Q: 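There's a structure below that I have some questions on.
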Amino acid sequence: MIFRTATRQDLPAVLALLAQGTAAPAGTGTESGTGAGTGTGTGVAVTEAHARAFAAIEVDPRNELLVLEEDGIVLGCLQLTYVPGLGQGGRDRALVETVRIRADRRGGGLGAELMERAVQRARERGCGLMQLTSDKRRSAAHRFYERLGFARSHEGFKLRL
């Protein structure tokens, strides 16, 4: 299993993972959708907006799109954003988003492995905290993250723009 930074060639597979739905988190075995491929035949079009967003992530030292790969196939992904702040003694916090594992590989511990590697990466960068948000309706996701040591600590708010 290889944990690495995503390349432009991974973008179709990553988008296919994201298109699988958000019914539950990676690793809970309860997500909906179909499996993602290696980037061909995924049924997900890479738009100009996707390409721009990927390019911006790729050059930003505070953003990482990471993938879990086996035998050349992207099995999972997540995005880490390192946010500077005055809290945490001036240490960065790691914000984790878009955690996904291929539908046909869920329930086997890959989600936990992906998150553990992300936590390790954040520690290596000197982050004082890792945080994430999860849809209130995703109770399986909440149990998954709690098993990994995440604590429910805040109430989140969003405003669509």
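This is a predicted model, so every value here is computed, not measured.
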Q: Could you pull out the closest heavy-atom pair between Gln9 and Pro12, with the gap in Å?
A: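 Scanning both residues, the minimum pair turns out to be O-CD, 3.5 Å.
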Q: Are Glu146 and Arg152 ion-paired here, with the side-chain N under 4.0 Å from a carboxylate O?
A: yes
Q: To the nearest 0.5 Å, how far apart are OG1 in Thr81 and CG in Leu65?
A: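 Here the rounded value is 9.5 Å.
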Q: Looking only at side chains, do Arg125 and Gln120 share a donor and an acceptor under 3.5 Å apart?
A: no
Q: Could you give the distance from CG (Leu110) to CZ (Arg102), rounded to the nearest 0.5 Å?
A: 10.5 Å
Q: What are the two closest heavy atoms between Ala112 and Leu148, and how far apart are they?
A: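 Nearest pair, atom of Ala112 first, then Leu148: CB-CD2, 3.9 Å.
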Q: Check whether any side-chain heavy atom of Gln79 lies under 4.5 Å from a side-chain heavy atom of Val96, and answer yes or no.
A: no
Q: Should Glu64 and Ile57 count as side-chain neighbours, where that means a heavy-atom distance under 4.5 Å?
A: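 They are not in contact (no side-chain heavy atoms under 4.5 Å apart), so the answer is no.
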Q: Are Arg143 and Arg138 close enough that some pair of their side-chain heavy atoms sits under 4.5 Å apart?
A: no
Q: I want to check something: taking the side chain as every heavy atom from C-beta on, are Phe150 and Met115 in contact at a cut-off of under 4.5 Å?
A: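 With C-beta onward as the side chain, the pair touches.
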Q: Can you pull the salt bridge (Lys or Arg N to Asp or Glu O under 4.0 Å) pairs that have at least one residue in residues 74-87, sequence neighbours excluded?
A: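 Qualifying pairs, neighbours excluded: none.
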Q: Would you give the length of the straight line joining atom SG of Cys77 to atom CD of Glu97, rounded to the nearest 0.5 angstrom?
A: 11.5 Å
Q: Measure across Val74 and Ala13 and return the closest heavy-atom pair with its distance rounded to 0.1 Å.
A: CB-CB, 3.9 Å
Q: Classify the side-chain pair Gln131/Arg93 by whether it contains a donor and acceptor separated by less than 3.5 Å.
A: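 There is such a pair (donor and acceptor under 3.5 Å, judged by atom type) between the side chains of Gln131 and Arg93.
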Q: Salt-bridged, Arg4 to Asp10, with N to O below 4.0 Å?
A: yes
Q: Checking salt bridge (Lys or Arg N to Asp or Glu O under 4.0 Å) against Asp92, which of Arg121, Arg62, Arg123 comes through?
A: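 Only match with Asp92 under salt bridge (Lys or Arg N to Asp or Glu O under 4.0 Å): Arg62.
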Q: Is Tyr82 close to Asp60 at the side-chain level, that is, under 4.5 Å between some pair of heavy atoms?
A: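 No, side chains not in contact.
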Q: Is there a path from Val119 to Tyr145 through hydrophobic residues (I, L, V, M, F, W, Y) whose side chains come within less than 4.5 Å of each other?
A: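 Yes: a chain of side-chain contacts under 4.5 Å links Val119 to Tyr145.
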Q: Side chains of Leu68 and Arg117: closer than 4.5 Å at any heavy-atom pair?
A: yes
Q: For residues Leu80 and Met130, determine if any side-chain heavy atom of one lies less than 4.5 Å from a side-chain heavy atom of the other.
A: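 Contact flag for Leu80/Met130 side chains = yes.
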Q: Locate the shortest heavy-atom distance separating Leu78 from Ala118; write the atom from each residue and the value.
A: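 Taking every non-hydrogen atom into account, CD2-CB, 3.7 Å.
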Q: CG of Leu75 to CG of Leu17: how many Å apart, nearest 0.5 Å?
A: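 Going from the CG atom of Leu75 to the CG atom of Leu17 covers 8.5 Å.
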Q: Would you check if Met1 and Glu69 make a side-chain contact, meaning some heavy-atom pair closer than 4.5 Å?
A: no
Q: Please table the atom pairs, donor to acceptor, closer than 3.5 Å between any side-chain atom in residues 46-54 and protein atoms at least two apart or in another chain.
A:
unit_1, atom_1, unit_2, atom_2, d
Thr47, OG1, Ala49, N, 3.4
Thr47, OG1, His50, N, 3.1
Thr47, OG1, His50, ND1, 2.9
Glu48, OE2, Arg52, NH1, 3.2
His50, ND1, Thr47, N, 3.0

Q: Checking side-chain contact (heavy atoms from CB on, under 4.5 Å) between Val67 and each of Leu114, Val14, Ile73, which is the one that passes?
A: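 When side-chain contact (heavy atoms from CB on, under 4.5 Å) is applied between Val67 and each of Leu114, Val14, Ile73, only Val14 qualifies.
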Q: How many angstroms lie between CZ in Phe157 and OG1 in Thr133, if you round to the nearest 0.5 Å?
A: 13.0 Å
